[in-house]
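Start at 1 and go down the list; that is how both ligands and their atoms are numbered. What you see is a predicted model; the values in this text were computed from it and never measured.
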Amino acid sequence: MKVLSVFGTRPEAVKMAPVVQRLAQTPGIESRVCVTGQHRQMLDQVLNLFNIVPETDLNLMRPDQKLAGLTASILTSIDEVLAAEQPDWVLALGDTTTVISTAMAAFYRKIKFGHVEAGLRTNNKWHPFPEEINRRMASLLADLHFCPTELNRQNLLAEGIADERIRITGNPAIDALQAIASRPAPAEVTDLLARLGVGPGGKRLVLITAHRRENFGQPLEDILAALRQIAGRYRGQVELVYPVHLNPNVQGPAHAALDGISNITLLPPADYLPMVHLQKSAALVLTDSGGLQEEAPALGVPTLVMRETTERPEGVTAGTLRLVGSDTARIVAEASRLLDDPEAHASMAHAANPFGDGHAAERIVAALLAEGA
Ligand code: UD1
(Lines give C-alpha, C1' and ligand atoms only; values in the text may rest on other atoms or scores of the structure.)
Protein backbone atom coordinates (compact mmCIF):
# COMPACT_ATOMS: atom_id res chain seq x y z
CA MET A 1 0.00 0.00 0.00
CA LYS A 2 1.49 3.30 -1.07
CA VAL A 3 0.80 6.32 1.13
CA LEU A 4 1.76 9.83 0.06
CA SER A 5 1.97 12.44 2.82
CA VAL A 6 1.79 16.06 1.67
CA PHE A 7 2.60 19.12 3.75
CA GLY A 8 4.04 22.57 3.28
CA THR A 9 3.98 24.78 6.36
CA ARG A 10 5.94 24.53 9.57
CA PRO A 11 3.08 23.36 11.82
CA GLU A 12 1.95 20.72 9.34
CA ALA A 13 5.47 19.35 9.19
CA VAL A 14 5.77 19.17 12.98
CA LYS A 15 2.49 17.32 13.34
CA MET A 16 2.92 15.03 10.32
CA ALA A 17 6.47 14.07 11.31
CA PRO A 18 5.38 11.32 13.77
CA VAL A 19 2.97 9.96 11.15
CA VAL A 20 5.62 9.94 8.44
CA GLN A 21 8.10 8.23 10.78
CA ARG A 22 5.51 5.59 11.69
CA LEU A 23 4.54 4.99 8.05
CA ALA A 24 8.19 4.52 7.13
CA GLN A 25 8.65 1.84 9.83
CA THR A 26 5.50 -0.12 9.01
CA PRO A 27 5.84 -3.32 6.95
CA GLY A 28 3.38 -3.42 4.08
CA ILE A 29 3.42 0.35 3.61
CA GLU A 30 5.48 2.27 1.11
CA SER A 31 5.72 5.80 2.49
CA ARG A 32 6.32 8.76 0.21
CA VAL A 33 6.58 12.41 1.18
CA CYS A 34 5.87 15.48 -0.94
CA VAL A 35 6.40 18.97 0.44
CA THR A 36 4.86 21.96 -1.27
CA GLY A 37 7.36 24.32 0.33
CA GLN A 38 4.55 26.75 1.18
CA HIS A 39 6.94 27.87 3.94
CA ARG A 40 10.46 27.53 2.63
CA GLN A 41 12.76 28.44 5.52
CA MET A 42 10.40 27.53 8.33
CA LEU A 43 9.64 24.13 6.81
CA ASP A 44 13.27 23.19 6.27
CA GLN A 45 14.04 23.67 9.98
CA VAL A 46 11.47 21.03 10.85
CA LEU A 47 12.51 18.56 8.14
CA ASN A 48 16.04 18.69 9.54
CA LEU A 49 14.92 18.29 13.14
CA PHE A 50 12.93 15.13 12.37
CA ASN A 51 15.33 13.79 9.71
CA ILE A 52 12.67 13.72 7.01
CA VAL A 53 13.89 13.75 3.42
CA PRO A 54 10.97 14.30 1.03
CA GLU A 55 10.96 12.40 -2.27
CA THR A 56 9.37 15.45 -3.90
CA ASP A 57 9.89 19.12 -3.06
CA LEU A 58 7.70 21.45 -5.09
CA ASN A 59 9.35 24.59 -3.69
CA LEU A 60 6.26 26.71 -4.41
CA MET A 61 6.71 29.57 -1.95
CA ARG A 62 6.76 33.03 -3.52
CA PRO A 63 7.34 36.25 -1.59
CA ASP A 64 4.06 37.66 -0.26
CA GLN A 65 2.09 35.00 -2.11
CA LYS A 66 -1.65 35.52 -2.63
CA LEU A 67 -4.11 32.78 -1.71
CA ALA A 68 -5.54 32.22 -5.20
CA GLY A 69 -2.15 31.92 -6.89
CA LEU A 70 -0.82 29.65 -4.16
CA THR A 71 -3.89 27.40 -4.33
CA ALA A 72 -3.69 27.14 -8.11
CA SER A 73 0.00 26.34 -8.19
CA ILE A 74 -0.24 23.70 -5.47
CA LEU A 75 -3.25 22.09 -7.16
CA THR A 76 -1.59 21.72 -10.55
CA SER A 77 1.75 20.65 -9.11
CA ILE A 78 0.30 18.01 -6.80
CA ASP A 79 -1.71 16.64 -9.69
CA GLU A 80 1.54 15.86 -11.50
CA VAL A 81 2.94 14.20 -8.39
CA LEU A 82 -0.18 12.05 -8.07
CA ALA A 83 0.07 11.05 -11.72
CA ALA A 84 3.69 9.99 -11.26
CA GLU A 85 3.37 8.34 -7.83
CA GLN A 86 -0.08 6.70 -8.14
CA PRO A 87 -0.53 6.39 -4.36
CA ASP A 88 -3.37 4.40 -2.80
CA TRP A 89 -3.84 7.01 -0.08
CA VAL A 90 -2.96 10.68 0.22
CA LEU A 91 -2.64 12.20 3.70
CA ALA A 92 -2.65 15.86 4.67
CA LEU A 93 -3.19 17.62 8.00
CA GLY A 94 -5.25 20.52 9.19
CA ASP A 95 -6.49 23.59 7.38
CA THR A 96 -3.83 25.32 5.30
CA THR A 97 -3.85 26.07 1.58
CA THR A 98 -1.62 23.03 1.11
CA VAL A 99 -4.34 20.80 2.59
CA ILE A 100 -7.26 22.02 0.55
CA SER A 101 -5.30 21.98 -2.70
CA THR A 102 -4.05 18.45 -1.98
CA ALA A 103 -7.52 17.19 -1.10
CA MET A 104 -8.92 18.57 -4.35
CA ALA A 105 -6.11 17.09 -6.43
CA ALA A 106 -6.67 13.65 -4.87
CA PHE A 107 -10.41 13.92 -5.51
CA TYR A 108 -9.92 14.77 -9.18
CA ARG A 109 -7.80 11.63 -9.57
CA LYS A 110 -10.18 9.51 -7.46
CA ILE A 111 -7.40 8.73 -5.00
CA LYS A 112 -8.42 8.18 -1.37
CA PHE A 113 -7.73 11.11 0.93
CA GLY A 114 -7.13 10.81 4.67
CA HIS A 115 -7.55 14.03 6.64
CA VAL A 116 -5.43 14.25 9.76
CA GLU A 117 -6.58 16.72 12.47
CA ALA A 118 -10.14 16.56 11.16
CA GLY A 119 -13.29 18.08 12.60
CA LEU A 120 -11.98 21.32 14.16
CA ARG A 121 -14.52 24.12 13.81
CA THR A 122 -15.20 27.65 14.96
CA ASN A 123 -18.38 27.82 12.85
CA ASN A 124 -17.30 31.31 11.81
CA LYS A 125 -16.45 31.61 8.13
CA TRP A 126 -13.98 34.47 8.70
CA HIS A 127 -12.24 33.29 11.88
CA PRO A 128 -9.73 31.91 11.25
CA PHE A 129 -9.44 33.04 7.63
CA PRO A 130 -9.17 31.10 5.35
CA GLU A 131 -8.70 28.03 7.55
CA GLU A 132 -12.30 27.48 8.67
CA ILE A 133 -13.41 27.03 5.07
CA ASN A 134 -10.28 25.04 4.11
CA ARG A 135 -10.99 22.42 6.76
CA ARG A 136 -14.69 22.23 5.91
CA MET A 137 -13.82 21.59 2.28
CA ALA A 138 -11.24 18.99 3.31
CA SER A 139 -13.96 17.20 5.30
CA LEU A 140 -16.21 17.08 2.24
CA LEU A 141 -13.43 15.41 0.27
CA ALA A 142 -11.96 13.02 2.85
CA ASP A 143 -12.45 9.24 2.82
CA LEU A 144 -11.13 8.86 6.38
CA HIS A 145 -11.23 11.53 9.07
CA PHE A 146 -8.65 11.31 11.86
CA CYS A 147 -10.10 13.39 14.69
CA PRO A 148 -8.04 14.52 17.69
CA THR A 149 -11.03 14.51 20.08
CA GLU A 150 -14.61 13.35 20.57
CA LEU A 151 -15.80 16.93 20.10
CA ASN A 152 -14.20 16.94 16.63
CA ARG A 153 -16.13 13.73 15.83
CA GLN A 154 -19.37 15.37 16.97
CA ASN A 155 -18.67 18.33 14.67
CA LEU A 156 -18.33 16.00 11.69
CA LEU A 157 -21.42 13.95 12.60
CA ALA A 158 -23.40 17.21 12.76
CA GLU A 159 -22.35 17.90 9.17
CA GLY A 160 -23.63 14.51 8.03
CA ILE A 161 -20.33 12.66 7.81
CA ALA A 162 -20.77 8.92 8.37
CA ASP A 163 -19.49 7.65 11.70
CA GLU A 164 -17.78 4.66 10.09
CA ARG A 165 -15.48 7.08 8.22
CA ILE A 166 -14.34 8.75 11.48
CA ARG A 167 -11.52 7.62 13.78
CA ILE A 168 -10.63 9.35 17.04
CA THR A 169 -6.85 9.17 17.14
CA GLY A 170 -5.63 12.12 19.20
CA ASN A 171 -3.52 14.79 17.56
CA PRO A 172 -0.04 13.73 16.40
CA ALA A 173 1.00 17.20 17.63
CA ILE A 174 1.19 15.58 21.06
CA ASP A 175 3.34 12.69 19.74
CA ALA A 176 5.77 15.30 18.38
CA LEU A 177 5.63 17.41 21.53
CA GLN A 178 6.42 14.47 23.82
CA ALA A 179 9.36 13.44 21.64
CA ILE A 180 10.84 16.95 21.59
CA ALA A 181 9.99 18.17 25.12
CA SER A 182 11.90 15.22 26.59
CA ARG A 183 15.11 16.31 24.86
CA PRO A 184 17.40 18.67 26.81
CA ALA A 185 16.85 22.40 26.25
CA PRO A 186 19.14 23.60 23.45
CA ALA A 187 21.96 26.03 24.22
CA GLU A 188 20.29 28.82 22.23
CA VAL A 189 17.42 28.76 24.76
CA THR A 190 19.49 28.38 27.93
CA ASP A 191 21.88 31.11 26.72
CA LEU A 192 19.03 33.49 25.86
CA LEU A 193 17.29 32.98 29.21
CA ALA A 194 20.56 33.46 31.07
CA ARG A 195 21.28 36.65 29.15
CA LEU A 196 17.79 38.01 29.93
CA GLY A 197 17.99 36.97 33.59
CA VAL A 198 14.97 34.69 33.31
CA GLY A 199 14.76 31.77 35.71
CA PRO A 200 13.83 30.67 39.22
CA GLY A 201 14.20 33.69 41.51
CA GLY A 202 14.80 35.93 38.50
CA LYS A 203 12.61 37.50 35.86
CA ARG A 204 9.62 35.78 34.31
CA LEU A 205 9.23 35.00 30.63
CA VAL A 206 6.22 35.98 28.53
CA LEU A 207 6.35 34.22 25.17
CA ILE A 208 4.43 35.64 22.22
CA THR A 209 3.43 34.53 18.76
CA ALA A 210 1.09 36.52 16.52
CA HIS A 211 0.72 35.99 12.81
CA ARG A 212 -2.88 35.14 11.88
CA ARG A 213 -4.25 36.62 8.69
CA GLU A 214 -7.49 37.82 10.29
CA ASN A 215 -5.36 39.83 12.73
CA PHE A 216 -3.41 41.64 9.98
CA GLY A 217 -3.83 45.42 10.13
CA GLN A 218 -5.55 47.06 13.10
CA PRO A 219 -5.96 43.94 15.29
CA LEU A 220 -2.23 43.23 15.02
CA GLU A 221 -1.49 46.90 15.85
CA ASP A 222 -3.74 46.56 18.93
CA ILE A 223 -1.90 43.40 19.98
CA LEU A 224 1.47 45.11 19.54
CA ALA A 225 0.25 48.07 21.62
CA ALA A 226 -0.70 45.61 24.38
CA LEU A 227 2.80 44.12 24.29
CA ARG A 228 4.32 47.61 24.67
CA GLN A 229 2.11 48.31 27.68
CA ILE A 230 2.90 44.98 29.34
CA ALA A 231 6.61 45.59 28.78
CA GLY A 232 6.35 49.06 30.34
CA ARG A 233 4.35 47.91 33.34
CA TYR A 234 6.67 44.99 34.20
CA ARG A 235 10.09 46.35 33.25
CA GLY A 236 12.70 44.69 35.46
CA GLN A 237 10.35 41.82 36.32
CA VAL A 238 9.28 40.33 33.01
CA GLU A 239 10.98 39.68 29.66
CA LEU A 240 8.85 39.41 26.54
CA VAL A 241 10.18 37.15 23.79
CA TYR A 242 8.46 37.14 20.40
CA PRO A 243 9.69 34.93 17.55
CA VAL A 244 8.28 36.76 14.53
CA HIS A 245 6.76 34.85 11.61
CA LEU A 246 8.42 35.57 8.24
CA ASN A 247 5.23 36.85 6.64
CA PRO A 248 6.01 40.47 5.66
CA ASN A 249 2.57 41.53 6.98
CA VAL A 250 3.85 40.52 10.41
CA GLN A 251 7.58 41.33 10.20
CA GLY A 252 7.04 44.99 9.22
CA PRO A 253 4.53 46.01 11.91
CA ALA A 254 6.18 43.93 14.67
CA HIS A 255 9.60 45.51 14.19
CA ALA A 256 8.15 49.00 13.71
CA ALA A 257 6.21 48.77 16.97
CA LEU A 258 8.61 46.87 19.21
CA ASP A 259 12.22 47.43 18.16
CA GLY A 260 14.25 49.21 20.81
CA ILE A 261 12.10 48.29 23.84
CA SER A 262 14.56 47.01 26.43
CA ASN A 263 12.56 44.05 27.75
CA ILE A 264 11.14 42.87 24.42
CA THR A 265 13.27 40.51 22.34
CA LEU A 266 12.18 39.90 18.75
CA LEU A 267 13.64 36.71 17.32
CA PRO A 268 13.58 35.15 13.89
CA PRO A 269 10.97 32.35 13.77
CA ALA A 270 12.14 29.80 16.32
CA ASP A 271 12.80 26.24 15.32
CA TYR A 272 10.42 23.74 16.91
CA LEU A 273 12.92 22.39 19.47
CA PRO A 274 13.78 25.81 20.96
CA MET A 275 10.13 26.87 20.71
CA VAL A 276 8.97 23.95 22.84
CA HIS A 277 11.65 24.72 25.41
CA LEU A 278 10.80 28.43 25.43
CA GLN A 279 7.20 27.44 26.11
CA LYS A 280 8.26 25.17 28.95
CA SER A 281 10.14 28.11 30.50
CA ALA A 282 7.34 30.64 30.07
CA ALA A 283 5.21 32.01 32.89
CA LEU A 284 2.64 33.03 30.31
CA VAL A 285 2.06 32.58 26.57
CA LEU A 286 0.20 35.09 24.39
CA THR A 287 -0.65 33.66 21.00
CA ASP A 288 -3.01 33.62 18.05
CA SER A 289 -1.61 30.38 16.62
CA GLY A 290 -3.28 26.99 16.60
CA GLY A 291 -0.41 24.73 17.54
CA LEU A 292 0.44 26.56 20.74
CA GLN A 293 -3.15 26.10 21.88
CA GLU A 294 -2.54 22.35 21.79
CA GLU A 295 0.90 22.48 23.35
CA ALA A 296 -0.05 24.81 26.23
CA PRO A 297 -2.44 22.39 27.99
CA ALA A 298 0.05 19.57 27.47
CA LEU A 299 2.82 21.65 29.08
CA GLY A 300 0.58 23.32 31.69
CA VAL A 301 1.46 26.89 30.67
CA PRO A 302 -1.31 29.52 31.05
CA THR A 303 -2.09 30.80 27.58
CA LEU A 304 -4.08 33.80 26.40
CA VAL A 305 -5.46 33.30 22.90
CA MET A 306 -5.52 36.59 21.00
CA ARG A 307 -8.38 35.61 18.71
CA GLU A 308 -12.14 36.06 18.71
CA THR A 309 -12.87 32.35 18.32
CA THR A 310 -11.13 29.05 18.83
CA GLU A 311 -11.52 25.68 17.19
CA ARG A 312 -9.86 24.18 20.25
CA PRO A 313 -12.42 24.79 23.03
CA GLU A 314 -11.09 21.64 24.74
CA GLY A 315 -8.14 23.73 25.98
CA VAL A 316 -10.51 26.40 27.33
CA THR A 317 -12.54 23.70 29.10
CA ALA A 318 -9.34 22.17 30.48
CA GLY A 319 -8.63 25.61 31.99
CA THR A 320 -5.25 26.32 30.39
CA LEU A 321 -6.49 28.59 27.59
CA ARG A 322 -8.47 31.81 27.76
CA LEU A 323 -9.80 33.67 24.73
CA VAL A 324 -9.00 37.38 24.91
CA GLY A 325 -9.34 38.65 21.33
CA SER A 326 -7.16 41.48 20.05
CA ASP A 327 -8.40 44.34 22.25
CA THR A 328 -5.41 46.11 23.81
CA ALA A 329 -6.97 46.81 27.22
CA ARG A 330 -8.33 43.28 27.57
CA ILE A 331 -4.98 41.66 26.72
CA VAL A 332 -3.14 43.90 29.19
CA ALA A 333 -5.73 43.29 31.92
CA GLU A 334 -5.74 39.49 31.52
CA ALA A 335 -1.95 39.27 31.29
CA SER A 336 -1.54 41.50 34.35
CA ARG A 337 -3.99 39.39 36.35
CA LEU A 338 -1.93 36.28 35.63
CA LEU A 339 1.37 38.03 36.35
CA ASP A 340 0.13 39.68 39.58
CA ASP A 341 -2.06 36.99 41.13
CA PRO A 342 -0.30 33.69 41.88
CA GLU A 343 -3.63 31.98 42.54
CA ALA A 344 -5.09 32.99 39.19
CA HIS A 345 -1.89 31.76 37.57
CA ALA A 346 -1.87 28.46 39.46
CA SER A 347 -5.49 27.77 38.57
CA MET A 348 -4.62 27.90 34.85
CA ALA A 349 -1.27 26.12 35.13
CA HIS A 350 -2.35 22.53 35.37
CA ALA A 351 -1.35 20.09 32.72
CA ALA A 352 -4.44 18.27 31.47
CA ASN A 353 -4.11 17.07 27.96
CA PRO A 354 -7.33 16.85 25.97
CA PHE A 355 -5.62 16.59 22.58
CA GLY A 356 -3.97 13.19 22.73
CA ASP A 357 -1.81 10.68 24.56
CA GLY A 358 1.17 10.61 22.21
CA HIS A 359 -0.04 7.57 20.24
CA ALA A 360 -1.97 9.28 17.45
CA ALA A 361 0.45 8.26 14.69
CA GLU A 362 0.12 4.59 15.64
CA ARG A 363 -3.67 4.79 15.45
CA ILE A 364 -3.65 6.62 12.14
CA VAL A 365 -1.35 4.08 10.51
CA ALA A 366 -3.30 1.15 12.00
CA ALA A 367 -6.54 2.60 10.61
CA LEU A 368 -5.01 2.94 7.15
CA LEU A 369 -3.76 -0.66 7.25
CA ALA A 370 -7.20 -1.86 8.30
CA GLU A 371 -8.78 0.00 5.37
CA GLY A 372 -6.21 -1.36 2.94
CA ALA A 373 -5.33 -0.13 -0.51
C1 UD1 B 1 0.19 29.70 6.77
C2 UD1 B 1 -1.20 29.05 6.76
C3 UD1 B 1 -1.79 29.06 8.15
C4 UD1 B 1 -0.83 28.50 9.17
C5 UD1 B 1 0.47 29.25 9.10
C6 UD1 B 1 1.46 28.69 10.07
C7 UD1 B 1 -2.58 29.32 4.74
C8 UD1 B 1 -3.45 30.23 4.00
N9 UD1 B 1 -2.09 29.81 5.90
O10 UD1 B 1 0.01 31.09 6.97
O11 UD1 B 1 -2.97 28.29 8.16
O12 UD1 B 1 -1.37 28.65 10.47
O13 UD1 B 1 0.99 29.12 7.77
O14 UD1 B 1 2.67 29.39 10.05
O15 UD1 B 1 -2.33 28.21 4.33
N16 UD1 B 1 7.34 33.35 4.39
C17 UD1 B 1 8.70 33.28 4.20
N18 UD1 B 1 9.38 32.16 4.58
C19 UD1 B 1 8.76 31.11 5.19
C20 UD1 B 1 7.37 31.19 5.39
C21 UD1 B 1 6.67 32.30 4.99
O22 UD1 B 1 9.30 34.20 3.69
O23 UD1 B 1 9.42 30.12 5.53
C24 UD1 B 1 6.57 34.56 3.95
C25 UD1 B 1 6.44 34.66 2.45
O26 UD1 B 1 6.51 35.97 2.09
C27 UD1 B 1 5.04 34.12 2.22
C28 UD1 B 1 4.31 34.68 3.41
O29 UD1 B 1 5.27 34.50 4.46
O30 UD1 B 1 4.57 34.59 1.00
C31 UD1 B 1 3.01 34.04 3.76
O32 UD1 B 1 3.08 32.64 3.82
P33 UD1 B 1 1.74 31.78 3.62
O34 UD1 B 1 2.10 30.36 3.70
O35 UD1 B 1 1.00 32.25 2.43
O36 UD1 B 1 0.80 32.16 4.85
P37 UD1 B 1 1.05 32.17 6.40
O38 UD1 B 1 0.58 33.48 6.89
O39 UD1 B 1 2.43 31.73 6.74
Side-chain angles (χ1 to χ4, degrees), residues 6-17 35-49 54 57-75 77-78 92-105 115-118 120-122 124-138 171 173 176 208-217 219-220 223 242-255 266-272 275-276 287-295 305-307 309-312:
V6 183
F7 47 90
T9 66
R10 172 179 54 185
E12 291 168 301
V14 165
K15 296 174 182 193
M16 281 300 285
V35 294
T36 62
Q38 183 180 336
H39 285 168
R40 185 69 275 163
Q41 302 92 319
M42 300 201 304
L43 174 71
D44 291 344
Q45 299 174 355
V46 183
L47 295 175
N48 291 336
L49 179 67
D57 188 334
L58 299 173
N59 200 21
L60 293 174
M61 194 194 86
R62 298 292 169 265
D64 212 5
Q65 57 211 348
K66 302 291 177 281
L67 290 174
L70 178 64
T71 306
S73 66
I74 297 176
L75 181 59
S77 304
I78 295 279
L93 176 142
D95 52 21
T96 65
T97 299
T98 287
V99 174
I100 185 55
S101 310
T102 299
M104 281 170 71
H115 188 206
V116 183
E117 194 183 81
L120 281 68
R121 297 290 185 268
T122 60
N124 180 330
K125 181 177 176 179
W126 303 108
H127 286 266
F129 170 83
E131 288 80 7
E132 176 71 5
I133 293 302
N134 285 347
R135 57 194 170 214
R136 283 172 179 270
M137 294 199 290
N171 196 317
I208 297 122
T209 73
H211 66 261
R212 298 241 42 88
R213 263 166 210 264
E214 67 275 13
N215 279 339
F216 289 174
L220 182 59
I223 288 170
Y242 177 5
V244 185
H245 190 290
L246 290 172
N247 194 318
N249 295 300
V250 183
Q251 283 280 334
H255 283 279
L266 299 186
L267 299 176
D271 198 353
Y272 181 62
M275 192 63 189
V276 168
T287 188
D288 65 1
S289 95
L292 269 73
Q293 294 181 53
E294 286 151 359
E295 289 156 13
V305 181
M306 300 184 292
R307 291 175 33 179
T309 56
T310 182
E311 58 288 272
R312 294 171 175 87

Practice problem: List the atom of R212, the atom of P128, and the distance in Å for their closest heavy-atom pair. | Solution: NE-CB, 3.9 Å
Quiz item: If you count the atoms of ligand 1 from 1 in the order shown, which ones are under 4.0 Å from a heavy atom of P63?
Solution: 26 (O), 30 (O)
Quiz item: When you measure from atom 8 (C) of ligand 1 to every protein heavy atom, which one gives the shortest distance, and what is it?
Solution: T97 OG1, 3.1 Å
Quiz prompt | Spacing of L93 atom CG and K15 atom NZ [to the nearest 0.5 Å] | solution = 6.0 Å
Practice problem: List the closest protein heavy-atom neighbour of atom 3 (C) of ligand 1: residue, atom name, distance to the nearest 0.1 Å. | Solution: E131 OE2, 3.1 Å
Quiz item: For ligand 1, does P11 get within less than 4.0 Å through its side chain, its backbone, both, or neither, judged by non-hydrogen atoms?
Solution: side chain
Practice problem: Mark up the atoms of ligand 1 that fall under 4.0 Å of a heavy atom belonging to R62, in ascending order. | Solution: 27 (C), 30 (O)
Practice problem: Report, in ascending order of atom number, the atoms of ligand 1 lying under 4.0 Å from any heavy atom of R212. | Solution: 12 (O)
Quiz item: How many angstroms lie between atom OG1 of T36 and atom CG of L75, to the nearest 0.5 angstrom?
Solution: 12.5 Å
Self-check item: N247 N/O to ligand 1 N/O under 3.5 Å
Solution: yes
Quiz item: What atoms of ligand 1 come within less than 4.0 Å of a heavy atom belonging to L67?
Solution: 8 (C)
Quiz item: Which heavy-atom pair separates A210 from V250 by the least distance, and what is that distance?
Solution: O-CG1, 3.3 Å
Quiz prompt | Side chain, backbone, both or neither: P269 near ligand 1, heavy atoms under 4.0 Å | solution = neither
Practice problem: State whether the side chain of Q45 and the backbone N or O of Y272 hold a donor-acceptor pair below 3.5 Å, judged by distance alone. | Solution: no
Quiz item: So, are R135 and E132 salt-bridged, with charged N and O less than 4.0 Å apart?
Solution: yes
Exercise. Could you grab the distance from atom CG of N215 to atom CG of N249, nearest 0.5 Å is fine?
Key: 12.0 Å
Practice problem: Provide the closest heavy-atom pair for I100 versus A138 in the form atom of the first, atom of the second, distance. | Solution: CD1-N, 3.9 Å
Self-check item: Interfacing atoms of ligand 1 (cut-off 4.0 Å, heavy-atom, D64)
Solution: 25 (C), 26 (O), 27 (C), 30 (O)
Quiz item: Got an N/O contact under 3.5 Å between M42 and ligand 1?
Solution: yes
Self-check item: Side chain, backbone, both or neither: the part of P130 lying under 4.0 Å from ligand 1 by heavy atom
Solution: side chain
Quiz item: Should R40 and D57 count as an ion pair when the cut-off is N to O under 4.0 Å?
Solution: yes
Self-check item: Closest to atom 16 (N) of ligand 1 among M61, H211, H39 (heavy-atom distance)
Solution: M61
Self-check item: Nearest neighbour of atom 36 (O) of ligand 1 from the list Q38, Q65, R40, R213, on a heavy-atom basis
Solution: R213
Exercise. State if G290 counts as touching ligand 1 under the rule of any non-hydrogen atom under 4.0 Å.
Key: no
Quiz prompt | Min N/O separation Q41 to ligand 1 under 3.5 Å | solution = yes
Quiz item: What pair of heavy atoms forms the shortest contact from M61 to Q38, and how long is it?
Solution: CG-O, 3.1 Å
